[in-house]
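Take a look at the structure set out below.
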Amino acid sequence: MRHILHVVGARPNFVKAAPVLRALAQRGTRQTLVHTGQHYDRNMSDVFFSQLEIPEADVNLGVGSGSHAAQTAEIMQRFEPALLTYKPDIVLVYGDVNSTVAAALVCAKIPIPVAHVEAGLRSFDRTMPEEINRMVTDRLSDLLFTPSEDGDLNLLHEGTAAEKIHRVGNLMIDSLVRLLPAARNCPRNGFPDRIALVTLHRPSNVDNSEGLRRILESLRQASERIDIVFPVHPRTRQRIADLGIATPKLHFRDPMPYIEFLSLQTRAAVVITDSGGIQEETTYLGVPCLTLRKNTERPITVSMGTNILIGEDPSHIAAELDNILDGKIKQGTVPPLWDGNAGQRIADVLQSL
Ligand code: UD1
């Protein structure tokens, strides 16, 4: 491949693209980086670029926030002229955010070949916007890079030709392996030794005030046993403030930079989350993870890793937390190809085309 264009837009994209950009740069490949601007706050975007050593984007489309339709449409409108200007040989899109599906649609219609990184994941729950994004992006892609065997099986089951699928492993783990030493050296920032770490941002958990109030009430109770650190996504910040639930051992914080957050994950007694990537990171680190969802597109974190799906009812947190704090901990292993070399494997495939 002579010229590769990458599209990133939101926080998890940055973590996945960094190892691919690095592996291709080592081989002298011509690359262009487009940032859609879906995430734009300093601590949701710039900090990730600097800590992950991602080169400055060649273009920032500056789309910002909006409804799903408005954001997706805006990305498509602004991306098409950029794509026609750069005329790459292939476009790489990452993960399952609105930027991913919007860019894939534009490519498919010009057409310019598109490769989906982190292909084949399915929660089989179409109420999740990310599931729609994953299905459509996979359908439109010419090349599908999967993180684990279940990804291959889902794609084959949907009729994707086997020769398009390349199992390369998990890119999030590439970034984690690379920055783990920095995370282990990170100062404790005044947090106590033993903490539970919480991240919640899925609409199903945080967009309804009654649901969020019940979650916070469960966390307040849990904080009687352990200090809880909760970096809050910008979308949820105001909603939490309005509910006025405050207690000294429940620490709300702004979204954290990658290394600081990884450092907290390595030290956490347990992580409570609804994020996809964090289910994977805790599995790699061997840290217990309670996922506040009724399904996951990353089932390998449950079958092999430390992840436990506890459903959407926050009253389940207390019993599971008690088990963990009493030493009854689910043991896990690291899935195959989650080894820090997924970016090199993608570069190998692209180089062979
Ligand atoms: C997006 C992804 C989600 C991913 C998450 C990681 C989609 C459909 N969802 O969700 O899969 O797990 O990113 O963080 O793409 N906002 C800011 N500053 C920012 C970005 C967002 O204040 O830099 C606020 C805005 O109020 C915005 C809201 O967050 O309306 C939602 O942002 P958006 O990018 O649409 O989705 P996320 O919830 O971040």
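Whatever order the structure lists them in is the order used to number ligands and atoms, beginning at 1. Hydrogens, waters and symmetry mates are skipped; everything else that's a heavy atom, side chains included, is used.
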>> Counting non-hydrogen protein atoms only, what is the nearest one to atom 5 (C) of ligand 1? Give residue, atom name and distance.
In response: H201 NE2, 3.7 Å
> Can a salt bridge be assigned to the pair K249 and E224 using a cut-off of 4.0 Å between side-chain N and carboxylate O?
Replying inline: no
> Given R202, Q238, Q38, which one has a non-hydrogen atom that is nearest to atom 33 (P) of ligand 1?
Replying inline: Q38
> Measuring from L171:CG to E118:CD, what's the distance to the nearest 0.5 Å?
Replying inline: 8.0 Å
> At under 4.0 Å between heavy atoms, which part of H39 makes contact with ligand 1: side chain, backbone, both or neither?
Replying inline: both
>> Using 0.5 Å steps for rounding, measure from the CG atom of L105 to the CD1 atom of I75.
In response: 11.0 Å
> If we only count N/O pairs under 3.5 Å, is H233 in contact with ligand 1?
Replying inline: yes
>> Suppose I only count heavy atoms of R11 and a 4.0 Å limit; which atoms of ligand 1 are within that range?
In response: 14 (O)
> Rounded to the nearest 0.5 Å, how far does CG of L92 lie from CG of L350?
Replying inline: 5.5 Å
> Does the pair E158/R122 count as a salt bridge with the N-to-O cut at 4.0 Å?
Replying inline: yes
>> If the cut-off is 4.0 Å to any non-hydrogen atom of Q71, which atoms of ligand 1 fall inside it?
In response: 34 (O), 35 (O)
>> What's the separation between atom CD1 in I317 and atom CD in E320, rounded to the nearest 0.5 Å?
In response: 10.0 Å
> For atom 22 (O) of ligand 1, which protein heavy atom lies nearest, and how many Å away is it?
Replying inline: P234 CB, 3.1 Å
> Relative to the ring of F14, is the ring of F49 parallel (under 30°), tilted (30 to 60°) or perpendicular (over 60°)?
Replying inline: perpendicular
> Quick one: nearest non-hydrogen protein atom to atom 2 (C) of ligand 1, plus distance?
Replying inline: V97 CG1, 3.6 Å
>> Applying a heavy-atom cut-off of 4.0 Å, say which part of S45 lies close to ligand 1: side chain, backbone, both or neither.
In response: neither
>> If I take atom OG from residue S123 and atom CZ from residue R293, how far apart are they, to the nearest 0.5 angstrom?
In response: 6.0 Å
> Any luck finding a side-chain donor-acceptor pair between H3 and D89 under 3.5 Å?
Replying inline: no
> Who's the nearest protein heavy-atom neighbour of atom 31 (C) of ligand 1, and how far?
Replying inline: R235 CD, 3.7 Å
> What protein heavy atom sits nearest atom 25 (C) of ligand 1, and how far away is it?
Replying inline: S65 OG, 3.3 Å
>> If I apply the N/O under 3.5 Å rule, does N98 come out as touching ligand 1?
In response: yes
> What is the ring orientation for F191 with H251, classed by angle as parallel under 30°, tilted 30 to 60°, or perpendicular over 60°?
Replying inline: perpendicular
> Near M44, which atoms of ligand 1 are under 4.0 Å from a heavy atom of that residue?
Replying inline: 23 (O)
> Of the protein's non-hydrogen atoms, which lies at the shortest distance from atom 11 (O) of ligand 1, and what is that distance?
Replying inline: E130 OE2, 2.7 Å
>> Students should be able to answer this: which protein heavy-atom is nearest to atom 6 (C) of ligand 1, and at what distance?
In response: P12 CD, 3.5 Å
>> Can you report which non-hydrogen protein atom sits closest to atom 16 (N) of ligand 1, along with the distance?
In response: Y40 OH, 3.6 Å
